[in-house]
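What follows is a single structure, written as structure tokens, with notes after it.
Values in this document were obtained by computation on a predicted structure and should not be read as measured data. Sequence lines set the chain letters: A, B, ... in the order given, protein chains first and strands last, and positions in each chain run from 1.
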2 protein chains.
Amino acid sequence: MARQLARTAPLAAKWRKLAEGRCAEKGERLTPARLAVYAEMLARRRAVSAYELIGLLEKRQERKIAPLTVYRHLDFLIRTGLVHRLQSTQTYLPCDHPDQAHESQFLLCSSCGNVDEVESTGLEALLSRIADERGFRPDNAVVEVKGLCGACAVEEQD
Amino acid sequence: MARQLARTAPLAAKWRKLAEGRCAEKGERLTPARLAVYAEMLARRRAVSAYELIGLLEKRQERKIAPLTVYRHLDFLIRTGLVHRLQSTQTYLPCDHPDQAHESQFLLCSSCGNVDEVESTGLEALLSRIADERGFRPDNAVVEVKGLCGACAVEEQD
DNA sequence: GAACGATACGTTATATTGTATCCTTCGTTG
DNA sequence: CAACGAAGGATACAATATAACGTATCGTTC
Ligand SMILES: [Zn+2]
Ligand SMILES: [Zn+2]
Ligand SMILES: [Zn+2]
Ligand SMILES: [Zn+2]
């Protein structure tokens with residue numbers, strides 16, 4: 001079917017394997033449409049808004065794509081841990097720590113827009129402790145630090 | 001003028017004093033419209049969306065209020081530290097630690113919607129350290145933990 | 001292979017959240 | 001009062017996200 005042969009951003013074997021593995025673990029189906037969205041995000045390697053992503057996909061596939069379609073694919077990618085959603089900017093970013101599913105923390109540069117995904121078990125432990133002290137049962141934690149990345153901080157010193 | 005005499009939610013002296021103090025510090029003007037929005041939020045003491053707030057104010061004042069108006073008042077309240085914005089739910093909550101301006105962390109109950117504002121200097125220090133290790137210059141940190149509050153966690157044990 | 005239920009996809013419309021623009025009003029200051 | 005800048009109001013619009021409904025595809029069972 002023509003639809004499924006639509007152009008897709010190139011996707012390194014590494015990422016395809018990762019996606020296949022996650023789907024196998026979680027009993028999810030890895031369809032061409034889902035893979036196309038993932039590939040498009042990986043082609044940028046930066047945080048994109050849902051509507052930016054729609055634009056990119058429409059350009060690549062030369063057809064209209066409804067918002068709902070992309071939101072469903074994003075839901076899937078987030079469910080499987082392949083993509084994170086940045087709450088403070090309402091953007092989406094492919095996971096950069098593909099070894100295992102995880103909680104992440106993010107450093108967002110307000111100058112260049114770069115996002116650094118970090119993992120600190122110490123931080124997670126501390127958050128757990130804080131919640132526990134208050135009888136709160138944590139499910140997941142959003143940690144997003146805004147500021148200047150190293151490169152931008154240096155530039156600013158003029 | 002009739003407009004300024006419109007009904008306003010009752011506002012305890014404590015909060016009015018706080019608002020006056022913050023405005024004096026920051027050279028901001030505490031107008032009746034601004035105070036009315038603050039009072040409306042304090043009357044709920046829970047996180048509300050901007051449009052919920054518009055509805056509440058329209059009902060109270062018996063007139064139409066444009067979104068931009070409320071967003072400007074929210075900007076003011078956030079600038080002065082009287083209100084926080086919860087990034088993960090796009091809602092707004094009056095500050096519960098009025099002693100000084102601060103970074104906060106939030107525990108959001110996904111069952112009852114209650115939000116607990118906590119302050120942990122340990123957490124702030126750790127976040128600083130994490131950023132520092134990566135050459136990142138932090139400006140502000142969003143920390144929002146979703147889960148079940150004590151009361152809801154107990155209920156769920158049926 | 002046919003029937004079936006579950007999951008995924010497509011289409012249209014709509015809800016929710018947030019801004020741009022332009023003009024008016026208010027409060028201060030000279 | 002005149003001039004100025006901050007605040008407020010009205011209208012329109014942009015950006016983000018979901019609802020509702022039907023169709024297609026996949027995987028299983030018979
Ligand atoms: Zn990750
Ligand atoms: Zn930067
Ligand atoms: Zn606070
Ligand atoms: Zn609760």
Practice task
Among the candidates dA17(D), dG10(C), dT17(C), find the nucleotide nearest to the side-chain atoms of R63(A).
Solution key: dG10(C)

Fill in the blank from the handout: By salt bridge (charged side-chain N to carboxylate O under 4.0 Å, His left out), E58(A) pairs with (sequence neighbours left out) K64(A)

Practice task
Could you name each residue pair satisfying salt bridge (Lys or Arg N to Asp or Glu O under 4.0 Å) that touches residues 139-149 of chain B, not counting sequence neighbours?
Solution key: none

Problem - R129(A): salt bridge (charged side-chain N to carboxylate O under 4.0 Å, His left out) partners, not counting sequence neighbours - result: E133(A)

Handout entry: Length of the line joining R85(A):CZ and dT18(D):C1', which is rounded to integer Å
Key = 13 Å

When the side chains of residues 66-78 of chain A are checked against the rest of the protein, which donor-acceptor pairs come out under 3.5 Å, sequence neighbours left out?
none

Completion exercise
Expected list for residues 46-58 of chain A near DNA chain C, using heavy atoms below 4.0 Å, is none

Fill in the blank from the handout: Separation of dT28(C) atom P from L30(B) atom CG, nearest Å, is 13 Å

Completion exercise
Note: for Q90(B) and K64(B) on DNA chain D, the residue whose nearest nucleotide lies more 5' is K64(B)

Completion exercise
When rounded to whole Å, the CG to P distance for the pair D75(B) and dG8(D) reads 12 Å

Handout entry: Ring-ring centroid check H102(B) H84(B), cutoff 6.0 Å
Key = yes

Fill in the blank from the handout: Going by chain and number, the hydrophobic cluster around V145(B) (ILVMFWY, side chain to side chain under 4.5 Å) further includes L107(A), V118(A), L123(A), L126(A), L127(A), I130(A), F136(A), V143(A), V145(A), L107(B), V118(B), L123(B), L126(B), L127(B), I130(B), F136(B), V143(B)

Handout entry: Distance, rounded to the nearest Å, where I65(B) contributes CD1 and dT11(D) contributes C1'
Key = 16 Å

Distances under 3.5 Å between protein N/O atoms and the N/O atoms of nucleotides 12-15 of chain C, please, pair by pair.
none

Practice task
Search all heavy atoms of P94(A) against all heavy atoms of E117(A) and return the closest pair with its distance.
Solution key: O-OE1, 4.3 Å

Practice task
If a pair satisfies salt bridge (Lys or Arg N to Asp or Glu O under 4.0 Å) and one of its residues is in residues 14-28 of chain B, list it, with sequence neighbours excluded.
Solution key: E28(B)-R34(B), E28(B)-R79(B)

Practice task
Find the distance R72(B):CZ to dT21(C):P and express it as a whole number of Å.
Solution key: 14 Å

Could you list the protein-to-nucleotides 3-7 of chain D atom pairs, N/O on both sides, closer than 3.5 Å?
{"from": "dA7(D)", "atom 1": "OP1", "to": "R34(B)", "atom 2": "NH1", "distance (Å)": "3.4"}
{"from": "dA7(D)", "atom 1": "OP1", "to": "R34(B)", "atom 2": "NH2", "distance (Å)": "3.4"}

Practice task
Could you work out the complete set of other residues in the hydrophobic cluster of F106(B), with links drawn between I, L, V, M, F, W and Y side chains under 4.5 Å apart?
Solution key: L86(B), L93(B), L108(B), V115(B)

Exercise for the section: State which residues pass side-chain hydrogen bond (donor to acceptor under 3.5 Å, both in side chains) with D96(A); sequence neighbours excluded, sorted by chain then number. Expected result: R45(A)

Problem - Distance, rounded to the nearest Å, where Y71(B) contributes OH and dA10(D) contributes C1' - result: 17 Å

Handout entry: Set of salt bridge (charged side-chain N to carboxylate O under 4.0 Å, His left out) partners for R46(A), sequence neighbours left out
Key = E52(A)

